[in-house]
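A note on names: the letters A, B, ... follow the listed sequences, proteins ahead of strands, and every chain is numbered from 1. Note: hydrogens, waters and symmetry copies are ignored here, and every other heavy atom, side chains too, is used.
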Protein chains: 2
Amino acid sequence: MKPSQISLRDIAEALDVSVSTVSRALKNHPDISEETCRKVQEYARRVHYRPNAMALGLKQQRSQTIGVIVPEIVHHFFSSVISGVEDLAYGSGYRVMICQSNEDYLREVINVQALADHRVDGLLVSISKSTLDQQHFRQVLDQGVPIVFMDRISREIPSDRVITNDYEGARMVVSHLLGQGRRRIAHLAGPQHLCVGKERYQGYLRALKEHNIRLDEERVIRCDTPARVEQKKAQLLDLAGRSDAIFAVNDFTAVAAMRLLQDNGFVIPEQVAIAGFGDDPIASIVRPTLTTVEQRGYDMGREAARLLIKRLGEEGSEAYQTKTFPAFLKVRDSG
Amino acid sequence: MKPSQISLRDIAEALDVSVSTVSRALKNHPDISEETCRKVQEYARRVHYRPNAMALGLKQQRSQTIGVIVPEIVHHFFSSVISGVEDLAYGSGYRVMICQSNEDYLREVINVQALADHRVDGLLVSISKSTLDQQHFRQVLDQGVPIVFMDRISREIPSDRVITNDYEGARMVVSHLLGQGRRRIAHLAGPQHLCVGKERYQGYLRALKEHNIRLDEERVIRCDTPARVEQKKAQLLDLAGRSDAIFAVNDFTAVAAMRLLQDNGFVIPEQVAIAGFGDDPIASIVRPTLTTVEQRGYDMGREAARLLIKRLGEEGSEAYQTKTFPAFLKVRDSG
DNA sequence: ATTGTCACCGCAAACGTTTGCGGTATGGTT
DNA sequence: AACCATACCGCAAACGTTTGCGGTGACAAT
């Protein structure tokens, strides 16, 4: 029971041939006799030989690995994205290294570097909320590591992108609320330096304008997590008292708000309608079920991986693509 | 703008010194003059030099990386575990490679091999539901890669383990239901070849016995996912009709069952009490809130990583440990 | 002038692969 | 007998590091 892994050398010595012969025999190189191939392969199988990925990567200057950085895997959307990435990547012979930034800029920088150190062939990234500076991305790009941004994309960095039509999704769902007769619609907004936050806010504005309703800025609150809902409890209850609908930037915030309101005697949706964004599984579990916008995480992950691997395959740099996934309105019971 | 990464050689040539000098200068080796150190470090910083992790790993015969395999990261418990692992690992200078088996045996085998190929220094594993054969684990163990099992542990393989006291947790929660006067308690059980499924079932049995209630085998159904709840809808409704409480092996199954019952006119908990296991965030979101058993994923992840890294540090093989985390009863509104 | 002591640095091997090239035997043609 | 293919295999370099050892020059002590 040796605590070490078999190398080509071990096989070569055991069979009294050279390392190169073993290497070639394992891939059925025509220069090697069938006899030798058979013997080598048989022995290799018997001792469970597995090539050293690090040595391979060093030699070929690529790791057949793509790195993924998302804010938090606990969110269903991101874990769906990851599943999509994994499925496509595995199917194309790539492995996947997953990291989470925990919405922390520093952690994101460290992750980018760690993945670059491991010489991943490319990166799939969803930017953290606290990231303002984007030098770390430029750096790996300059080192020849392509990046495809997903959902939380960078506006500054030219690259492939995969996004949901956040603007249209938000417009649709707010428009739906308006169509139900709601007029005083509040918005729990995400950070405006992120595309998703901004686009959804813009969609909200657009819908209001289309219905000739003028924006009441007091009805827009920066609040995009259950923790923030708890924190701004008083303000939210006050807001709910003078509104007839709430559109939250994501589903878990919407659900948290719904709970807060219900616990304080509001009847949903009769008094206040609520809508979210993302179609998290939780949206179909809460009562009333949550009206929201479907966002196809799995498909987005697949597409992002596809774009990346395509770019890895080509020499010259093709023009960058932005793939926009349509948003689907999911009308349920909350509004 | 070369699409390639800086190596020690590049620095050496630029500064007209040898590669070894650069290597030593970067780590302030006493053999190198301050002057040279300064020049090298400055230049390295300027061109954003980063050591090649593959070359490093090859040379030192360890990757400073630990591999993690969990069934599905969408489950809050497992993503908490991962966060715990990451935090401790990063703090100890290790990187983390995350894989999910999707509860699929083949995927698990592939993941184990891929991680072994990358020469991770050790493995943290939560076994997939469909895994019966465990040869793939023995194999990497024989290659000298230690494994710490978490939650979904292996009974056959001697190793370090980190688990929750599933037996006691289940006993407590069922005992609580009995204390509330419930007598006809059904159990939605997990697969019995997994420790968690078996232990929780045993805890259920134990609680019954303690209250001198004899087991009605018709009240135990193999059902541990929302999908299965949907699938066995009729059977569950029938069961609910002749029971006054349900104990599900995990929270999302409990919630799915709760929804099914509510949609069919059952009043929870008045007619049927419901309890789950795990204290998923969803447990506090549904109404009535779900009585369940808290399972500290984050702490378990940390502990597993700690055990693994400790084992990596030592030469001789210390005795294997099994760290059991206590279970905490969370009484809420559903039972 | 010889020797010794440092401070500073380079050579080269090694980690596990892949691969271009060259080598040896075998057999068949002239 | 000389030559040429062909089939099969090994040598060695390279990928980017680390590190033991040896080397060089300066300076001081004999």
Side-chain angles (χ1 to χ4, degrees), chain A residues 2-41 43-44 47-65 116-121 143-145, chain B residues 2-41 43-44 47-65 116-121 143-145:
Chain A
K2 287 269 180 46
S4 114
Q5 323 212 26
I6 306 291
S7 75
L8 286 187
R9 216 179 109 128
D10 298 324
I11 303 183
E13 282 173 2
L15 264 43
D16 208 41
V17 290
S18 77
V19 171
S20 15
T21 300
V22 175
S23 173
R24 283 190 256 253
L26 286 175
K27 28 183 75 65
N28 287 310
H29 192 288
D31 266 10
I32 309 298
S33 70
E34 281 189 29
E35 162 81 3
T36 311
C37 278
R38 200 187 44 71
K39 273 203 310 199
V40 169
Q41 290 176 9
Y43 186 83
V47 297
H48 299 124
Y49 168 74
R50 300 246 78 214
N52 184 321
M54 294 192 296
L56 249 162
L58 229 206
K59 178 70 190 166
Q60 339 231 68
Q61 296 293 81
R62 63 208 161 93
S63 53
Q64 290 287 47
T65 300
D117 289 355
H118 276 271
R119 300 302 190 263
V120 292
D121 297 338
Q143 291 172 359
V145 182
Chain B
K2 287 271 180 42
S4 110
Q5 321 213 27
I6 306 291
S7 74
L8 285 187
R9 217 178 107 127
D10 298 324
I11 302 182
E13 282 174 1
L15 264 43
D16 207 42
V17 291
S18 77
V19 171
S20 15
T21 300
V22 176
S23 172
R24 282 189 257 250
L26 285 176
K27 30 183 75 64
N28 287 312
H29 192 287
D31 266 9
I32 308 298
S33 70
E34 280 189 29
E35 161 82 2
T36 310
C37 279
R38 200 185 45 71
K39 274 202 309 200
V40 168
Q41 291 176 9
Y43 186 83
V47 298
H48 300 125
Y49 168 75
R50 300 244 78 214
N52 185 320
M54 295 192 294
L56 249 161
L58 227 207
K59 178 67 190 173
Q60 339 231 68
Q61 296 293 80
R62 63 208 162 92
S63 54
Q64 291 286 47
T65 301
D117 289 355
H118 276 272
R119 300 300 190 265
V120 292
D121 297 337
Q143 291 171 0
V145 182

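Using a 4.0 Å heavy-atom criterion, one finds that B:Ser23 contacts the bases of the nucleic acid, with or without backbone contacts as well. Among the protein residues, B:Ser20 comes within range of the nucleic acid bases, having at least one heavy atom under 4.0 Å from a base atom.
For the pair A:Gln64 CD and D:dC15 P, the interatomic distance rounds to 20 Å; values are reported in whole Å. The separation between B:Arg119 atom CZ and C:dC15 atom C1' is 11 Å, rounded to whole Å. In this structure, CG of A:Leu58 is placed 5 Å from C1' of D:dC15, rounded to the nearest angstrom. Atom CZ in B:Arg38 sits roughly 12 Å away from atom P in C:dC9 (whole-Å rounding). Atom-to-atom, CE of A:Met54 to C1' of C:dA14 comes out at 14 Å; the value is rounded to the nearest Å. D:dG10 atom P lies 14 Å from atom NE2 of A:His29, rounded to whole Å. When rounded to the nearest whole Å, the span between CG of B:Leu15 and C1' of C:dC8 equals 16 Å. We find that CD of A:Gln5 is positioned 15 Å from C1' of C:dT17, with the value rounded to whole Å.
Contact of the B:Thr65 side chain with the A:His118 side chain is registered, since non-hydrogen atoms from C-beta on lie closer than 4.5 Å.
Taking every side-chain heavy atom of A:Arg9 into account, C:dC15 is the closest of D:dT18, C:dC15, C:dT18. The side chain of A:Ile32 has D:dC9 as its nearest neighbour among D:dG10, D:dC9, C:dT18. Counting only heavy atoms from C-beta on, B:Leu8 has its side chain closest to D:dT18 among D:dC9, C:dC9, D:dT18. Side-chain proximity of B:Asp31 to the nucleotides C:dC9, C:dG16, C:dT18 is greatest for C:dC9.
Where B:Pro30 and A:Leu56 each meet DNA chain C at their nearest nucleotide, the meeting point lying more 5' is that of B:Pro30. Residue-to-nucleotide proximity on DNA chain D shows that, of A:Arg24 and B:Asn52, the 5′-proximal contact is made by A:Arg24.
Proximity of a side-chain donor or acceptor of B:His29 to a complementary backbone N or O of B:Asp31 within less than 3.5 Å is detected.
The residues A:Glu13 and A:Arg9 are annotated as salt-bridged, a charged nitrogen and a carboxylate oxygen being separated by less than 4.0 angstrom. Ion pairing of A:Arg62 with A:Asp121 is absent here, as no side-chain N (NZ or NE/NH1/NH2) approaches a carboxylate O to less than 4.0 Å.
For B:Lys59 against D:dT17, a side-chain-to-base donor-acceptor contact under 3.5 Å is absent.
One finds a side-chain N or O of B:Ser33 lying less than 4.0 angstrom from the OP1 or OP2 phosphate oxygen of C:dC9. Side-chain N/O atoms of B:Thr36 include one lying less than 4.0 angstrom from OP1 or OP2 on C:dC9. When the side-chain nitrogen and oxygen atoms of A:Gln61 are compared with OP1 and OP2 of D:dA14, none of them lie within a distance under 4.0 Å.
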Inset, instruction - Give the intermediate values and the outcome of side chain to side chain contact (heavy atoms under 4.5 Å, CB included) for residues B:Asn52 and A:Arg119. - result: CA-CA 7 Å; B:Asn52 185 320; A:Arg119 300 302 190 263; 3.7 Å; yes
